[in-house]
Protein chains: 2
Amino acid sequence: MLNRTKFKHSTRDFVYDSLRESIMDLELPPGAAISEKEISEELEVSRTPVREAFLRLKEDELLTVLPQRGSFVALIDLDHVEEARFLREQAEAGIIRLACEQFSDDCLNKLEMNVIEQKKARDDDDENTLYILDKEFHRLLAEGTDKHRVWKTIQKMDTHSMRLRKLSIELKLNWKKLVEQHEAMVEAIKEKNQKKAEDLIRAHLALLIYDQKALKDMYPDYFN
Amino acid sequence: MLNRTKFKHSTRDFVYDSLRESIMDLELPPGAAISEKEISEELEVSRTPVREAFLRLKEDELLTVLPQRGSFVALIDLDHVEEARFLREQAEAGIIRLACEQFSDDCLNKLEMNVIEQKKARDDDDENTLYILDKEFHRLLAEGTDKHRVWKTIQKMDTHSMRLRKLSIELKLNWKKLVEQHEAMVEAIKEKNQKKAEDLIRAHLALLIYDQKALKDMYPDYFN
DNA sequence: TCTACCACACTACCATACAAGTATGCTAGT
DNA sequence: ACTAGCATACTTGTATGGTAGTGTGGTAGA
């Protein structure tokens with residue numbers, strides 16, 4: 001559980017971050033009923049900031065609010081997952097083409113450093129670090145091409161997909177291949193080979209389509 | 001001014017829609033200071049739904065909230081405008097490629113009907129209708145490829161761009177060319193020619209980069 | 001005249017009270 | 001036994017009071 005005092009932000013943000021984290025960790029599973037009052041007592045704040053956090057989560061499609069009835073953690077929507085993946089693929093394809101044109105040496109360096117760390121983590125079988133570095137790699141691409149908001153938008157849509165992934169504990173991503181792909185992308189950017197870079201990143205993101213059907217059979221109550 | 005009774009939705013939505021419309025129409029110009037109390041008195045509702053509407057507008061980057069100081073209509077951010085256009089271009093390029101693969105006859109019909117109406121409006125010099133039909137055309141592409149959320153996301157990012165456009169009263173879009181492009185796109189989809197369709201829509205969206213510098217010089221206070 | 005300080009008005013933030021809609025289970029009547 | 005209907009305990013929606021932080025203008029003092 002998060003600690004309120006750790007946040008320099010508002011109570012509202014504290015509640016929002018707490019709930020979002022709980023939902024993402026599936027500590028609050030899809031379909032779970034939560035009420036403003038219950039959460040406010042649990043976090044020892046009043047209903048107002050809780051309510052405001054609820055509204056934000058509703059905007060994020062992470063909470064379904066039924067007036068006078070109750071609020072429920074949103075079920076995982078596979079259409080949502082696919083749309084998020086689709087938008088991400090299109091956006092990142094465009095971003096990496098831009099990167100080939102305008103990436104600064106500084107940005108390129110950061111990217112290369114990141115890949116080096118990825119290799120290290122891969123050799124250490126440190127999947128957690130790899131997960132973080134992978135995310136960071138794509139963020140660097142977006143930041144380096146001045147597409148901060150695009151990145152934020154993509155991340156915001158990626159929530160259902162992230163929960164799906166969390167669901168699949170046994171999911172064994174092929175990290176070796178992922179790291180190689182990242183390395184190849186950096187090469188393509190250095191060569192300013194737009195076509196190659198775009199093809200690489202599209203293939204890369206296609207790997208994120210893992211077996212949804214099996215998961216849906218295993219946890220039918222979590223899907224809509 | 002909107003009328004509250006027209007809304008079957010909540011007071012919160014009424015306030016949100018009212019404010020959003022005012023901001024988009026530049027009735028509330030960029031930089032304008034508004035307060036919860038002021039709006040609540042104006043719309044004759046309590047501060048709570050106003051506050052909740054403020055928070056949503058903040059999420060949309062349409063309102064800058066400074067705690068204990070005040071809330072201000074967000075200045076137009078040209079970086080924001082470009083990022084929105086960029087994301088839209090990437091997304092719609094992907095969508096139209098999909099449309100070439102999987103568009104149903106029904107969707108294609110709707111699209112053709114839309115273009116016919118566009119031609120009529122063009123011949124009548126009815127720019128307002130053309131504006132709506134243009135928007136509808138792109139929405140049909142997204143809906144027909146089951147990318148409703150992608151469309152919603154793009155629209156949500158398009159707010160700064162829409163205000164910029166509103167600012168340029170004298171902006172004379174070349175509707176004749178736009179309609180022809182739309183027609184050509186439908187042709188490309190019918191031919192299932194992905195490359196042609198994609199090239200067309202990218203060129204189409206590039207037309208939306210109009211003279212930002214002149215506008216910024218004309219209304220320096222509206223930009224950041 | 002200039003400056004330091006303070007009172008005041010204003011803000012958004014949070015807590016709480018009340019209103020209104022909904023689901024559920026008990027009870028009275030058949 | 002069964003059902004209609006109401007009491008009740010929930011829910012979210014709205015209203016309002018109080019708190020703490022911020023900017024400003026006036027004033028007292030040098």
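These figures come from a predicted structure and were not determined experimentally. All chains are named by letter (A, B, ...) in the order of the sequence lines, taking the proteins before the strands, and each is independently numbered beginning at 1.
- Counting non-hydrogen atoms under 4.0 angstrom, A/R51 reaches a base of the nucleic acid.
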Quiz: residues 108-117 of chain B side-chain donor-acceptor pairs under 3.5 angstrom, not counting sequence neighbours:
unit_1	atom_1	unit_2	atom_2	d
B/E112	OE2	B/K190	NZ	2.8
B/N114	OD1	B/Q118	NE2	2.6
B/N114	ND2	B/L133	O	3.3

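- One cannot find a donor-acceptor pair under 3.5 Å joining the base of D/dT11 and the side-chain atoms of A/S71.
- Put simply, B/S46 has no side-chain N or O that comes within less than 4.0 Å of OP1 or OP2 on D/dT16.
- Applying the ring-ring contact (aromatic ring centres under 6.0 Å, His included) test to every pair with at least one member in residues 56-97 of chain B, sequence neighbours left out, gives these pairs: B/H80-B/H160.
- Counting only residues at least two apart or on different chains, the salt bridge (charged side-chain N to carboxylate O under 4.0 Å, His left out) pairs with a member in residues 214-224 of chain B are B/K213-B/D217.
- Here D/dT11 presents its P atom at 13 Å from CG of A/L66, a figure rounded to the nearest Å.
- With respect to the salt-bridge test (charged N to carboxylate O, under 4.0 angstrom), the residues A/E89 and A/R85 qualify.
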- Can you check each nucleotide of nucleotides 18-24 of chain C against protein heavy atoms at under 4.0 Å and return B for base, S for sugar-phosphate only, - for none, in 5' to 3' order? --BBSS-

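- Across all strands shown, A/I34 has heavy atoms under 4.0 Å from sugar-phosphate atoms exclusively, and none from any base.
- Computed from C1' positions of five pairs at each end, the angle between the two local axes of the helix from C/dT1-D/dA30 to C/dT30-D/dA1 equals 30°, rounded to 10 degrees.
- Across all strands, B/T48 comes closer than 4.0 Å to base atoms (heavy-atom distances).
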Atom pairs, N/O to N/O, protein against nucleotides 5-9 of chain C, distance under 3.5 Å?
none

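- Using a 4.0 Å cut-off between charged nitrogen and carboxylate oxygen, B/E61 and A/R149 count as a salt-bridge pair.
- Phosphate proximity of C/dC14 to A/T11: present, with a side-chain N or O under 4.0 Å from OP1 or OP2.
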